[in-house]
Chemist: 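This is the structure I have questions about; it appears just below.
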Amino acid sequence: MTDTPISTQDIQADGEQPAAETNNRPKRKQFVNRYKSPRLSAEEADRQGRVTLMAFRMLGGRDQAMDFLNTHDPVLDGRPLDLAVASAAGFEAVEQAIAGRAAQN
């Protein structure tokens, strides 16, 4: 046995002392911003939510909506979700595209 005192924090639930290497792990900084890309503004988030909900309801479910919103559309010349989030005009164009597809089905 060693002469170093052992605190109750150093003893695991089964009564064993933890391995020395587990005590030497570097501490992780708390409250670090892990987001590297800019977040959406309130208006952009609102448009994203509205167009997603509209696509879910009008295109027949989750899979159809996700496919439409995340795939490049040649008529819109871009990915519908990106266009809708970027501007009000883009949102209106995607809204019309969703309505047109819903009418076809």
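Quick caveat, the model's predicted, so the values are computed rather than measured.
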Chemist: Out of curiosity, L81 CG to R47 CZ, how far, rounded to the nearest 0.5 Å?
Modeler: 11.5 Å
Chemist: Taking the side chain as every heavy atom from C-beta outward, state whether F56 and M66 have any pair of such atoms under 4.5 Å apart.
Modeler: yes
Chemist: With a 4.5 Å cut-off on side-chain heavy-atom distances among I, L, V, M, F, W and Y, is there a chain of contacts connecting L53 to V94?
Modeler: no
Chemist: What's the shortest heavy-atom distance between A84 and V51, and which atoms?
Modeler: CB-CG1, 3.8 Å
Chemist: Please report the shortest heavy-atom distance between E44 and L40, naming the atom on each side.
Modeler: OE1-CA, 3.4 Å
Chemist: Between the side chain of R79 and the main-chain N/O of H72, is any donor-acceptor distance below 3.5 Å?
Modeler: no
Chemist: If the condition is side chain to side chain contact (heavy atoms under 4.5 Å, CB included), which residues does D73 pass it with, not counting sequence neighbours?
Modeler: F68, V75, L76, P80, R101
Chemist: Ignoring hydrogens, what is the shortest heavy-atom contact between I98 and M58? Give both atom names and the distance.
Modeler: CG2-CB, 3.9 Å
Chemist: To the nearest 0.5 Å, how far apart are CD in E43 and OG in S87?
Modeler: 12.5 Å
Chemist: Which pairs with one or both residues in residues 49-61 pass side chain to side chain donor-acceptor pair (under 3.5 Å), sequence neighbours excluded?
Modeler: D46-R50
Chemist: Return the CG to CD distance between L69 and Q64, rounded to the nearest 0.5 Å.
Modeler: 11.5 Å
Chemist: Does any N or O in the side chain of E92 come within less than 3.5 Å of the main-chain N or O of A89, such that one atom is a donor and the other an acceptor?
Modeler: no
